[in-house]
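Keep in mind that this is a model prediction, so the values were computed, not measured. FYI, side chains are in, hydrogens and waters are out, and symmetry mates aren't considered; it's all heavy atoms of this structure. Each residue takes its place number in the sequence, starting with 1.
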Amino acid sequence: MDLLDTLTAKGLRGEVPTREEALAVLATTDDELLDVVAAAGKVRRRWFGRRVKLNYLVNLKSGLCPEDCSYCSQRLGSKAEILKYTWLKPEQAADAARAGVAGGAKRVCLVASGRGPTDRDIDRVTDTMAAIKDADPEVEICVCLGLLSDNQAERLKAAGADAYNHNLNTSESTYGDIATTHTYADRVDTVQKAHGAGLSACSGLIAGMGESDEDLVDVVFALRELGSDSVPVNFLIPFEGTPLAQEWNLTPQRCLRILAMVRFVNPDTEVRIAGGREVHLRSMQPLGLHVANSIFLGDYLTSEGQAGQADLDMIKDAGFEVEGAGEATLPRHRADIAAASGCGSTASGAASGCGSAASACGSGGGCGPCGGHGHAEPAGAAVANEAAAESADGLRSDLVKVRRRGAGTELAPNA
Ligand code: SF4
């Protein structure tokens with residue numbers, strides 16, 4: 001297939017494809033899917049080998065958000081039966097983070113719901129980062145607190161943050177359809193503030209919200225132009241009790257095509273499978289590892305993922321290896337670009353990198369992998385029973401489980 005030969009050659013050289021080529025990836029057929037994955041896999045292995053970076057989410061403050069992001073279970077007016085709690089104490093957050101690091105995570109992502117942090121919130125997160133780094137000085141910390149005001153990124157950088165996550169989520173032209181309390185330009189401004197302060201920029205997207213192929217390509221090219229070091233790809237978790245609860249329109253094949261398109265446009269950037277991995281890729285998750293080089297370990301912000309051990313087993317069984325604390329994530333040339341732009345991120349973890357998702361993180365304007373709705377079956381068991389679970393209206397509420405363990409609960413974290 002000429003298209004895949006062209007994309008592979010460009011990716012191996014670190015070149016970005018044309019917009020038309022990116023759209024063509026999304027238009028490939030199921031018969032071509034394994035060829036698409038194989039081509040994207042060559043590019044992935046060129047820049048990231050067989051390493052998989054593990055990231056661990058700690059939800060510092062859950063629910064009760066005044067923003068109206070339609071995909072989010074923590075939004076204003078959400079009826080999703082998620083955990084709701086205010087700021088964790090630094091030692092509580094550090095305990096949760098420690099579990100993730102012990103499970104193999106190289107990066108901890110500290111997320112709080114809300115439009116953006118107050119200066120007092122920056123103090124709280126500063127104390128939390130100190131508690132985490134006291135226990136493990138090597139761990140990378142990414143912070144996700146929503147829209148940043150002047151000097152807040154600099155304060156986070158000075159306090160030891162390596163990265164800041166704020167997702168663009170969708171294209172500029174459709175942003176007003178998914179949130180009205182802030183704008184696409186607000187989000188771009190925060191990513192630029194973080195980058196300008198020397199934090200590694202982690203910014204990604206959410207697929208499955210009813211967007212067009214053009215919207216997906218637009219946001220992925222925008223992320224490349226913004227210089228995001230890490231691109232979390234979230235697949236919408238349609239929470240009951242949110243406006244997008246009916247949006248079950250992703251298939252595993254569609255998710256793999258989207259991941260491949262993101263990889264071709266970001267050949268040498270960390271591409272992370274974020275929220276919705278278990279819900280939408282299901283038994284195809286291992287194929288996703290051939291394209292992406294990063295995932296979240298364990299649970300998301302408000303929903304549960306598969307068991308942390310299942311993540312580790314999947315990585316090993318698929319022939320990949322967990323990236324170690326001393327290993328560089330980004331290729332050297334990409335790290336140099338980040339450093340030259342004032343970012344510090346990179347390659348060795350010495351200075352940065354982050355990510356989160358529509359259902360993974362969660363904050364103002366940029367949250368990520370949140371989570372699920374109120375049903376009870378563990379995600380893994382739900383996946384096993386999926387053939388029997390689709391309801392008459394096509395909804396798959398059996399695939400989503402609200403997080404009831406880890407941060408903010410008395411139960412041990414999943415890691
Ligand atoms: S994505 Fe973030 S800002 Fe938007 S509603 Fe959810 S927690 Fe609030």
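A heavy-atom distance below 4.5 Å is not found between the side chains of R277 and R282. Here the side chains of L256 and L33 are in contact, with some heavy-atom distance below 4.5 Å. Side-chain contact between P117 and Q152: present, with at least one pair of heavy atoms (C-beta onward) separated by less than 4.5 Å. The closest side-chain heavy-atom distance from H182 to C69 is below 4.5 Å. No side-chain heavy atom of L76 sits less than 4.5 Å from a side-chain heavy atom of E67. The shortest distance between side-chain heavy atoms of T170 and I206 does not fall below 4.5 Å. With a 4.5 Å cut-off on side-chain heavy atoms, I82 and Q74 count as touching. By the 4.5 Å heavy-atom criterion applied to side chains, I315 and L289 are counted as neighbours.
Judged by distance alone, the side chain of D311 and the main-chain N or O of L297 form no donor-acceptor pair under 3.5 Å. At least one donor-acceptor pair under 3.5 Å links the side chain of T190 to the backbone N or O of L148. Put simply, the side chain of D162 gets close to the backbone of I141: a donor and an acceptor are under 3.5 Å apart. For the pair S303 (side chain) and V400 (backbone), a donor-acceptor distance under 3.5 Å is absent. Between the N293 side chain and the K53 main chain, no donor and acceptor come within less than 3.5 Å of each other. A distance-only check finds a donor-acceptor pair linking the side chain of E211 to the backbone of M209 [under 3.5 Å]. Checking side-chain atoms of S171 against main-chain N and O of V219 turns up no donor-acceptor pair under 3.5 Å. The backbone N or O of E138 sits less than 3.5 Å from a side-chain atom of D136, completing a donor-acceptor pair. Side chain of T6 to backbone of D2: a donor-acceptor contact under 3.5 angstrom is found. For K61 (side chain) and S113 (main-chain N/O), a donor-acceptor pair under 3.5 Å exists by modelled atom type.
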What do the steps show when you test N169 against Y71 for side chain to side chain donor-acceptor pair (under 3.5 Å), and what is the final call?
CA-CA 10 Å; N169 288 330; Y71 53 84; 2.9 Å; yes

Could you go through the side chain to side chain contact (heavy atoms under 4.5 Å, CB included) check for Q285 and L287 one step at a time?
CA-CA 5 Å; Q285 289 182 64; L287 279 182; over 6 Å; no

Does T8 form a side chain to side chain donor-acceptor pair (under 3.5 Å) with D5? I'd like the steps, not just the answer.
CA-CA 5 Å; T8 301; D5 289 343; 5.6 Å; no

Apply side chain to side chain donor-acceptor pair (under 3.5 Å) to the pair R115 and T181, showing each step before the final yes or no.
CA-CA 9 Å; R115 179 176 174 83; T181 48; 5.1 Å; no

Steps toward side chain to side chain contact (heavy atoms under 4.5 Å, CB included) verdict (V188, Q192):
CA-CA 6 Å; V188 170; Q192 290 173 332; 3.7 Å; yes

Start with the C-alpha gap between S73 and T302, add the side-chain angles, then the distance that decides, and say whether side chain to side chain donor-acceptor pair (under 3.5 Å) holds.
CA-CA 7 Å; S73 60; T302 61; 2.9 Å; yes

Go through L281 and L250 one step at a time and tell me if the side chain to side chain contact (heavy atoms under 4.5 Å, CB included) criterion holds.
CA-CA 9 Å; L281 277 170; L250 291 170; over 6 Å; no

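Once rounded to the nearest 0.5 Å, the distance linking OG1 of T242 with CG of L244 reads 5.5 Å. In this structure, L216 CG and D218 CG are separated by 9.0 Å, a value rounded to the nearest 0.5 Å. With rounding to the nearest 0.5 Å, the separation of OH in Y300 from NZ in K401 is 14.5 Å. Atom-to-atom distance recorded for N165:CG and L145:CG is 9.5 Å, nearest 0.5 angstrom. From L88, atom CG reaches atom CG of N59 across 7.5 Å, with rounding to the nearest 0.5 Å. The distance from atom CG of L168 to atom OG of S228, rounded to the nearest 0.5 Å, is 8.0 Å.
Under the side chain to side chain donor-acceptor pair (under 3.5 Å) rule, S294 has a single partner from E323, R51, E270, which is E270. Exactly one of V43, V16, V220 qualifies for a side chain to side chain contact (heavy atoms under 4.5 Å, CB included) with F264. That residue is V43. Checking V36, V37, I273 one by one against L259, the side chain to side chain contact (heavy atoms under 4.5 Å, CB included) holds for a single residue, I273.
Taking the six-membered ring for Trp and thresholds of 30 and 60 degrees, W248 and H280 have ring planes inclined between 30 and 60 degrees apart. Aromatic ring pairs are classed by plane angle as parallel below 30°, tilted from 30° to 60° and perpendicular above 60°; the pair Y164 and H166 is tilted.
Sorted by first and then second residue, the side chain to side chain donor-acceptor pair (under 3.5 Å) pairs involving residues 39-50 (not counting sequence neighbours) form an empty list. Listed by first and then second residue, the salt bridge (Lys or Arg N to Asp or Glu O under 4.0 Å) pairs involving residues 168-186 amount to none (not counting sequence neighbours).
Shortest non-hydrogen contact noted between G208 and L236 is O-CD2, 3.4 Å. Closest approach of H195 to A201, counting heavy atoms only: CD2-CB, 4.0 Å.
Remark: R272 qualifies as a cation-pi partner of F296 under the 6.0 Å distance and 45° angle criteria applied to the six-membered ring.
The residues R405 and E304 are annotated as salt-bridged, a charged nitrogen and a carboxylate oxygen being separated by less than 4.0 angstrom. The pair E327-K106 fails the salt-bridge criterion, with no side-chain N (NZ, NE, NH1 or NH2) lying under 4.0 Å from an Asp/Glu carboxylate O. Electrostatic pairing of D313 and K316 does not count as a salt bridge here, judged by no charged N lying under 4.0 Å from a carboxylate O. Salt-bridge check for D268 with R263: failed, with every basic side-chain N at 4.0 Å or more from each acidic carboxylate O. A salt bridge links R334 to D229: one of the charged nitrogens lies within less than 4.0 Å of a carboxylate oxygen.
The salt bridge (Lys or Arg N to Asp or Glu O under 4.0 Å) test applied to R257 returns D30, not counting sequence neighbours. For T128, the side chain to side chain contact (heavy atoms under 4.5 Å, CB included) partners two or more places apart in sequence, or in a different chain, are L60, P90, A93, L110, I132. When the ring pair (Phe, Tyr, Trp, His ring centres under 6.0 Å) test is applied to F320, the partners found at least two apart in sequence or on another chain are H290.
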Show me the side-chain donor-acceptor pairs of residues 406-415 shorter than 3.5 Å, one per line, residues at least two apart or across chains.
from: T409; atom 1: OG1; to: G406; atom 2: N; distance (Å): 3.1
from: T409; atom 1: OG1; to: G406; atom 2: O; distance (Å): 2.7
from: T409; atom 1: OG1; to: L411; atom 2: N; distance (Å): 3.0
from: T409; atom 1: OG1; to: L411; atom 2: O; distance (Å): 3.4
from: N414; atom 1: OD1; to: G308; atom 2: N; distance (Å): 2.8
from: N414; atom 1: ND2; to: D299; atom 2: OD1; distance (Å): 3.0
from: N414; atom 1: ND2; to: Q306; atom 2: O; distance (Å): 3.0

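For the residue pair S203 and N167, no side-chain donor N or O sits within less than 3.5 Å of a side-chain acceptor on the partner.
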